[in-house]
Novice: 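Here it is: the structure, laid out below.
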Amino acid sequence: MVSRIIPVECFDLVIFGGTGDLARRKILPGLFRRFLGGQMPENARIIGAARSNLDDAEYRDMVAGAITEFGGAEAKDTECLSRFLKQLHYVQVDARGTDGWADLAGLMKPDVIRAFYFSVGPGLFGDLAERLHLHKIADAQSRIVVEKPFGRDLETARALNETLALHFDEQQIYRIDHYLGKETVQNLMAVRFGNVLFEPLWNNHYVDHIQITVAETVGVGGRGGYYDKSGAMRDMVQNHLMQLLCLIAMEPPSMFEADAVRDEKLKVIRALQPVDYHQIVRGQYNATDKTQNYRDDAENPRSHTESFVALKCHINNWRWAGVPFYMRTGKRLKARNSEISVVFKDLGHSIFEGDEARHRNILTIRLQPNEGIDLQVTIKEPGPGGMRLVDVPLDMTFADALGPDADGGSDAYERLIMDVIRGNQTLFMRGDEVEAAWSWTDPIINGWQERNDVPKEYDTGSSGPEDSLMLLHRDGRRWHEIKA
Ligand code: BG6
């Protein structure tokens, strides 16, 4: 087993939106875990920047509270926490005005890596980029990190790319899709390109179809305002599911290096066939006696926004011609369960007399929870009575194979932030990738609007609308069950 952690150099990381929800829940607790892991150099600094009027001590108190609330068991190490807090600072800045920028400029150290995390709405990206330049805070080595949503369609994404490009090169821009930072998502590449076993079978000669499911149990309560303008297509499919599709379908890059990987992903997106609207099912969840329906959660009684999407698509290239990819994602489903199943074709001929079952090898990569890999194989059913066949799972749960810390105990965000400091863009989306993804989803979303499409209702705790099951049934297939 190879395990070499690449050290990071000294850095100043400025978090714009440093008092916001994402900073408190994910970014700061994640950085604390990296500090505990010895990956944060002693003289590295984290500088919170936001509108609130706080001094360093008040900011450190706020961060201590956030880490206690969201940092898990590690947060109990109070001695370490107080050492970590000493590396934190705060400046009050006005993203759209002039206040605070000179203070920030004065605070930055020379000769260390400067990273700027835009943990704010996309409406402020341009203002921040411009002011970082105007006040000479960013230099040619600096990096900016931008959050999703990166636009809401091709036009807005293009405009954002153009705005950022006024001040930063593509090599300096890190567009986060936190799915790419998940351990098991990276494992997709390790499984495909680190084993001789799968690659020869990874094509339309052997694969019948591929399923990608990202099922959630949470609703949209609390962020209904954002979600209602977005919907599952923009919130999940255009980015997270698209990235999974790319990793499962791309050609082997010549090396595991940022542009080599992203070039191959881009080819997949560009080869995606437009989806016919008969091949898409939209849904909206219903209430139960304990939970509200989508429209109440979204506080929009007439909302036609989807909290569920299932679709069938094709990739127009040599490797995948004729192989359907089925994707679905939704909120308030039966279980939190994300996985990819590669369903191989039936045997052309069975030598076992009387065995009429369709035995299929299925490789399932479980992304979360219970991360692992499961390969369904056919064996002889034990016992007398002749040659009867049965399908069983060759199941490897990573935690069993590699110990309970199989995911390194880390969260996607902290892994990605450390990659920013290391200057490694492999797990970040390039501008052309994001634009290509919108080019594919825009016609789908526009079609819904033109037809005034109304999503199908589905029961909370179900697997989604009946029609999404039919999407596969009418092709003689069925979804892998959503299991806890
Ligand atoms: C976010 C979406 O990007 O991903 C949320 O905006 C979604 O709606 C979340 O719940 C899912 O992420 P995870 O890591 O919990 O699977």
Side-chain angles (χ1 to χ4, degrees), residues 148-149 152 179 210-245 275-288 290-313 324-341 367-368 437 440-441 444-449 451-475 477-484:
K148 117 173 209 290
R152 51 177 287 106
Y179 264 57
I210 292 183
Q211 302 186 7
I212 302 177
T213 294
V214 177
E216 300 185 274
T217 50
V218 292
V220 300
R223 54 203 284 270
Y226 149 75
Y227 193 92
D228 207 44
K229 292 194 193 66
S230 167
M233 195 70 180
R234 288 192 175 96
D235 186 52
M236 296 294 286
V237 179
Q238 188 271 347
N239 36 78
H240 305 326
L241 276 85
M242 181 72 81
Q243 290 297 321
L244 298 179
L245 176 78
V275 186
D276 184 274
Y277 81 93
H278 295 296
Q279 310 288 9
I280 311 184
V281 179
R282 300 169 78 216
Q284 217 183 53
Y285 59 78
N286 268 334
T288 64
K290 294 204 185 84
T291 56
Q292 308 197 98
N293 66 28
Y294 174 81
R295 291 171 181 209
D296 289 328
D297 275 347
E299 291 176 23
N300 177 0
R302 281 193 297 279
S303 175
H304 284 175
T305 301
E306 75 287 351
S307 58
F308 176 98
V309 180
L311 59 85
K312 172 180 167 184
C313 59
F325 286 73
Y326 299 95
M327 302 201 270
R328 68 177 163 174
T329 182
K331 301 216 180 272
R332 287 253 192 266
L333 296 178
K334 208 168 166 181
R336 178 168 185 259
N337 178 334
S338 301
E339 59 177 38
I340 301 177
S341 292
L367 305 174
Q368 61 189 24
W440 184 71
T441 47
I444 301 176
I445 298 170
N446 295 342
W448 290 336
Q449 271 158 7
R451 289 191 304 279
N452 203 11
D453 190 84
V454 180
K456 305 267 180 318
E457 289 186 8
Y458 62 94
D459 289 340
T460 287
S462 70
S463 299
E466 272 299 307
D467 288 20
S468 68
L469 308 180
M470 288 307 297
L471 193 65
L472 272 78
H473 285 181
R474 62 178 183 238
D475 292 346
R477 303 182 171 109
R478 64 189 170 84
W479 289 105
H480 216 208
E481 202 190 331
I482 299 177
K483 284 189 288 231

Novice: Can you tell me how far apart NE2 (H473) and OG (S468) are? Round to the nearest 0.5 Å.
Specialist: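 It comes to 9.0 Å.
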
Novice: Closest approach of R302 and R295, non-hydrogen atoms and distance?
Specialist: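 Closest approach of R302 to R295: CA-NH1, 4.2 Å.
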
Novice: Give, for atom CE of M242 and atom OG1 of T441, the distance between the pair rounded to the nearest 0.5 Å.
Specialist: 6.0 Å

Novice: Does the pair E466/K456 count as a salt bridge with the N-to-O cut at 4.0 Å?
Specialist: no

Novice: Search all heavy atoms of G219 against all heavy atoms of K331 and return the closest pair with its distance.
Specialist: O-CD, 3.7 Å

Novice: Is it true that the side chains of D297 and Y285 contain a donor and an acceptor less than 3.5 Å apart?
Specialist: yes

Novice: Taking only Lys NZ, Arg NE, NH1 and NH2, and the carboxylate oxygens of Asp or Glu, determine whether D276 and K312 approach each other closer than 4.0 Å.
Specialist: no

Novice: How many angstroms lie between atom OH of Y294 and atom CD of E457, to the nearest 0.5 angstrom?
Specialist: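 Going from the OH atom of Y294 to the CD atom of E457 covers 13.5 Å.
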
Novice: At their closest point, which heavy atom of Q284 faces which heavy atom of S307, and how far apart are they?
Specialist: CA-OG, 3.4 Å

Novice: Distance under 6.0 Å and angle within 45° of the ring axis: does R451 meet both against Y277?
Specialist: yes

Novice: Taking all heavy atoms of S338 and all of A215, pick out the closest pair and write down the distance.
Specialist: OG-N, 4.1 Å

Novice: State, to 0.1 Å, how close V309 and A232 come at their nearest heavy-atom pair, and which atoms those are.
Specialist: CG2-CB, 3.7 Å

Novice: Which of these, I482, L311, L333, sits in a side chain to side chain contact (heavy atoms under 4.5 Å, CB included) with R328?
Specialist: I482

